[in-house]
Colleague: 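Take a look at this one; I'll ask things after.
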Amino acid sequence: MKNRQRKLWIAFTIVMLFSFGVLGYFGIEIYQEAPPVPTEVRTTNGNVVLSASDIKDGQNVWQSIGGQEVGSIWGHGAYVAPDWTADYLHREALYLLDYYANEKYGKNYADTTVEEQAYLKAHLQSNIRPNTYDKASGVLTITEERNQARLYLQEYYSKLFTDDAEFTQLRKDYAIPNNSITDPTRLKQMNAFFFWATWATVTNRPDSDVSYTHNWPAEDLVGNVATTPLLAWSGVSVILLIFAVGVLVYYHVASKQDEEDMVPVEYPVSNGTVTKSMTILKKYFWVVCLLMLLQVGLGILTAHYGVEGQGLYGIPLDQILPYSVTRTWHTQLAIFWIATAWLGTGLYISPAVGGKDPKFQVFGVNFLFVALLIIVLGSMIGQWFGIMQKLNLVQNFWFGHQGYEYVDLGRFWQIFLFVGLFVWLALMIRPLIPVLKEKGSHRNLIILFLISCGAIALFYGAGLMWGRQTNLAIAEYWRWWVVHLWVEGFFEVFATVVLAFLFVRMGLIKTKTATNGALFSTIVFMSGGIIGTFHHLYFSGTPTAVMALGATFSALEVVPLTLIGYEAYENYKISTHKGWLQDYKWPIYFMIAVAFWNFLGAGVFGFIINPPIALYYVQGLNTTPLHGHTALFGVYGMLGIGLMLFVLRSIYRHVQWNDKLLKIGFWGLNLGLLLMALLSLLPIGIWQAIESIQHGMWYARSSELMQLPAMVTLKWLRTIGDIIFTVGIVAIVLFVFKLTFKKSNHEK
């Protein structure tokens, strides 16, 4: 057993060093090969029409109105408004085709013959695809007609984002408030950013016939079509998935050992010790519940904006709480409440294992709680001020809205949270120091636990690696370190180790078995998960090698999820034990739900958008929130609730639980989430995917498609799942508050 554990530690070290080495190496490549921001944009006549500051400030203007919470750029962002790069590219192409058609044939493009259209498209592509950026001077040269198209689109988007009566209906369809931007200079700057981001989607890389975004979005008019590498690496990913699943199944069967029934007669958790710092954790869980309620309410409002873009049943709510604000808060609060539940669980485990509170532990737990409240409320207020255009661009970056989905909070609040995570890490380490000095099999599990805690604190720092005007391709690279590695990666490791800890403390598995299982699970997950970060970056201005690595290794992320049914069955067997273990029935049921959603949400719904050829057509469609909701809430949310219930069961061990509320909560959440996915998100996503393949990304996100009566009906069908889901949330919140306001045995 010791020899096996040593091998697992060696494998763990190799996987981490190799994976981060690859991630770092290609990070350098992304820095070197990112779409360049020209110092000047000139016409062929030598007129300077844009500067680097116009483009960079335009990126900040876009961020200040919500950025990726108002439509998307390169497919990353919200789904009600269009993808601005796909929309801009299609409109620019049509403008230029009309220009060339009138110049050659004296009529618009739509009125030309099929043969004439073929010529015009070839002519357009020969003018728009060549890379006219001069690296030595930093100057980008465009034709006079392309500059005219730019000016035309500048006027178009200026009307859209102000209050022009011609665009009233379109603003409603896109859930964009009137006068989102009123400053003409800001409007010009944002259009400059749209121009640059779109230029990168159609302009070939140097010495290549593929654009900076690997020909994304699909747009036949300009020659943006799927490439051979897209197809080839998609095939490789599927083959590797099948092969790796076979290997894992063989290993699992070959190494499976029957464990003796070790369920103890008495409660073994924390050896009967409930310290002062553990009892005050209930206020963390109060915050979890309140944030859950608020997040769900904002989610309902955000979804409603998809059918009534500027209000709530006729009330012009968008004037004080626009879609970009509600969606920002909805996505951010999901991270906040899930993280709070997990951090609270960690603060319970450390003194539970150590057996006592170190000096000032209670003060530290209270201090961290206050800091958490300040970060949550402060960042939300700052984001509202930013989106409502009440901050300048520098103030917005520091205290307002950074415009990057899931990392929207201003830089000041990011730093505040980063420091808070290290305070949490210190509170985790201090109670465990005496235990680490003792010899025994538990040390390796504690070390792995502390490694996961340290990674959670450290890797949030990736969100500090970009600046206010960092190239979007580079900012996206670091953003996915936070979203994928921090949220999906190291929180996954933390959850695996925490569950192992809990089951060991409950006497359900041996320490060595738990340690080996946690190490093996971490190795398998991280083998694909770290380099698999690249599957988010196929079309974000990154080199082709990033797509190859992302496709290959992201397939490995699905591998451990194929055996998730075994994990669910093992948890179910635990829940059937009689005696005191029946008190842990509902926390264990939530672990079973985690296994189910890991398979469906993270596995099935995740893999359908992972292969490059699939993502080429569906990036930025409702297939993404389908995966996002079922994986983020289905896995991490359910796990957060389950961990919270584990802790509350251990603290309030002699209090009779309200099984009726828990039953309503459990089934309401799971059934509601399933109906939300199957009745609305999945059919909308499939419909959009078909249209994207046939007509291009611009149409799949257009108001022409998304406001069709049948599409609106599918949006309304989400209400069924939302209502059931909300009932489940309310039941869980009522349960927690009723439980924690009772006097438990240790308080009497």
Side-chain angles (χ1 to χ4, degrees), residues 58-59 61-63 65-95 149-150 152-162 164 166-177 180-181 187 190-191 193-202 213 216-222 224 302 305-307 309-310 318 322-324 327 403 405 472 539-540 615-625 684-685 687-708 711-712 715:
Q59 180 174 333
V61 173
W62 164 73
Q63 290 169 311
I65 64 170
Q68 291 176 342
E69 308 295 355
V70 185
S72 57
I73 293 285
W74 296 347
H76 291 148
Y79 314 101
V80 175
D83 180 89
W84 301 113
T85 43
D87 188 68
Y88 191 111
L89 181 61
H90 184 72
R91 295 180 187 281
E92 181 183 38
L94 290 178
Y95 181 94
R150 183 190 66 80
Y152 161 75
L153 287 168
Q154 179 175 300
E155 181 181 7
Y156 173 87
Y157 288 117
S158 294
K159 290 179 178 179
L160 177 62
F161 283 93
T162 52
D164 190 279
E166 180 187 351
F167 288 78
T168 298
Q169 185 58 49
L170 195 58
R171 276 191 293 274
K172 290 180 180 178
D173 294 343
Y174 290 164
I176 296 175
S180 293
I181 305 173
L187 287 165
M190 188 173 73
N191 190 74
F193 170 67
F194 284 177
F195 164 81
W196 171 82
T198 306
W199 169 80
T201 67
V202 69
T213 59
W216 191 94
E219 177 57 76
D220 180 64
L221 295 177
V222 298
N224 267 10
T302 301
Y305 273 131
V307 293
Q310 292 186 329
D318 69 313
Y323 172 88
S324 53
R327 191 177 189 275
E405 191 179 25
L472 182 62
F539 314 120
S540 296
L615 198 59
Y616 181 73
Y617 291 108
V618 303
Q619 177 158 294
L621 305 184
N622 272 265
T623 46
T624 303
I684 291 175
W687 189 349
Q688 285 184 297
I690 293 171
E691 299 294 348
S692 177
I693 294 169
Q694 291 183 338
H695 303 294
M697 177 58 61
W698 73 272
Y699 184 70
R701 292 279 299 273
S702 68
S703 62
E704 291 92 337
L705 174 66
M706 298 308 294
Q707 297 304 320
L708 288 174
M711 188 68 81
V712 173
K715 294 178 186 178

Colleague: For the residue pair T624 and H76, establish whether any side-chain heavy-atom pair is separated by less than 4.5 Å.
Modeller: no
Colleague: Is it true that, when you exclude K715 itself, more than 12 heavy atoms of the residues, nucleotides or ligands shown sit nearer than 6.0 Å to its NZ?
Modeller: yes
Colleague: Atom CD in Q63, atom CE in M190: separation rounded to 0.5 Å?
Modeller: 12.0 Å
Colleague: Work out which heavy atom in Y617 is nearest to a heavy atom in A218; give both atom names and the distance.
Modeller: CE2-CB, 4.1 Å
Colleague: How far apart are the closest heavy atoms of S72 and D83, and which atoms are they?
Modeller: OG-OD1, 2.7 Å
Colleague: Hey, what's the ring geometry for W84 with Y157, parallel, tilted or perpendicular (30° and 60° as the breaks)?
Modeller: perpendicular
Colleague: Report yes or no: does S702 contribute a side-chain atom to a donor-acceptor pair with the main-chain N or O of Y699 at less than 3.5 Å?
Modeller: yes
Colleague: Is there side-chain contact between F167 and I176, with at least one heavy-atom pair below 4.5 Å?
Modeller: no
Colleague: Quick one: list whatever passes side chain to side chain contact (heavy atoms under 4.5 Å, CB included) with L94, sequence neighbours left out.
Modeller: H90, L221
Colleague: Identify the two heavy atoms, one from G403 and one from W62, that lie closest to each other, and give their separation to 0.1 Å.
Modeller: O-CH2, 4.2 Å
Colleague: Kindly indicate whether the side chain of L472, heavy atoms from C-beta on, has any atom under 4.5 Å from the side chain of W74.
Modeller: yes
Colleague: Any side-chain heavy atom of D318 within less than 4.5 Å of one from Y305?
Modeller: yes
Colleague: Indicate yes or no: at least one non-hydrogen side-chain atom of W687 is less than 4.5 angstrom from one of N622.
Modeller: no
Colleague: Just to verify, what does Y95 make a side chain to side chain contact (heavy atoms under 4.5 Å, CB included) with, not counting sequence neighbours?
Modeller: Q148, A149, Y152
Colleague: For N191, enumerate each residue passing the side chain to side chain donor-acceptor pair (under 3.5 Å) test, keeping only those at least two apart in sequence or located in another chain.
Modeller: none
Colleague: With sequence neighbours left out, write down each residue that passes side chain to side chain contact (heavy atoms under 4.5 Å, CB included) with T198, or none if nothing qualifies.
Modeller: T85, Y88, L89, E92, T201
Colleague: Closest heavy-atom contact between L615 and W216?
Modeller: O-NE1, 4.3 Å
Colleague: Kindly compute the distance separating CH2 (W698) from CZ (R91), expressed to the nearest 0.5 Å.
Modeller: 8.0 Å
Colleague: Taking side chain to side chain donor-acceptor pair (under 3.5 Å) as the test, write out the residues that go with T213, two or more places apart.
Modeller: S211
Colleague: Does a side-chain heavy-atom distance below 4.5 Å link D173 with M706?
Modeller: no
Colleague: Can you name the closest pair of heavy atoms from P177 and P322 and give their distance?
Modeller: CG-CB, 3.4 Å
Colleague: Would you mind listing every salt bridge (Lys or Arg N to Asp or Glu O under 4.0 Å) that reaches into residues 689-699, with sequence neighbours excluded?
Modeller: none
Colleague: Looking at every heavy atom in both A700 and L621, which two are closest together, and how far apart are they?
Modeller: CB-CD2, 3.8 Å
Colleague: To the nearest 0.5 Å, what is the distance between OG on S540 and CD1 on I73?
Modeller: 11.0 Å
Colleague: Could you work out, with salt bridge (Lys or Arg N to Asp or Glu O under 4.0 Å) as the rule, every residue matching E155, not counting sequence neighbours?
Modeller: K159
Colleague: State, with a plain yes or no, whether a side-chain heavy atom of M697 is found less than 4.5 Å away from one of N224.
Modeller: no
Colleague: In chain order, what residues pass the side chain to side chain donor-acceptor pair (under 3.5 Å) check against Q707, with sequence neighbours excluded?
Modeller: none
Colleague: Who are the side chain to side chain contact (heavy atoms under 4.5 Å, CB included) partners of V80, not counting sequence neighbours?
Modeller: A175, Y323
Colleague: S703: which residues meet the side chain to side chain donor-acceptor pair (under 3.5 Å) condition with it, sequence neighbours left out?
Modeller: none
Colleague: Does any part of the side chain of L160, heavy atoms only, come nearer than 4.5 Å to the side chain of R171, both counted from C-beta?
Modeller: yes
Colleague: Give me each pair satisfying salt bridge (Lys or Arg N to Asp or Glu O under 4.0 Å) with a member in residues 694-708, each pair once, sequence neighbours excluded.
Modeller: none
Colleague: Of all residues at least two apart in sequence or in a different chain, which pass the salt bridge (Lys or Arg N to Asp or Glu O under 4.0 Å) check with D164?
Modeller: none
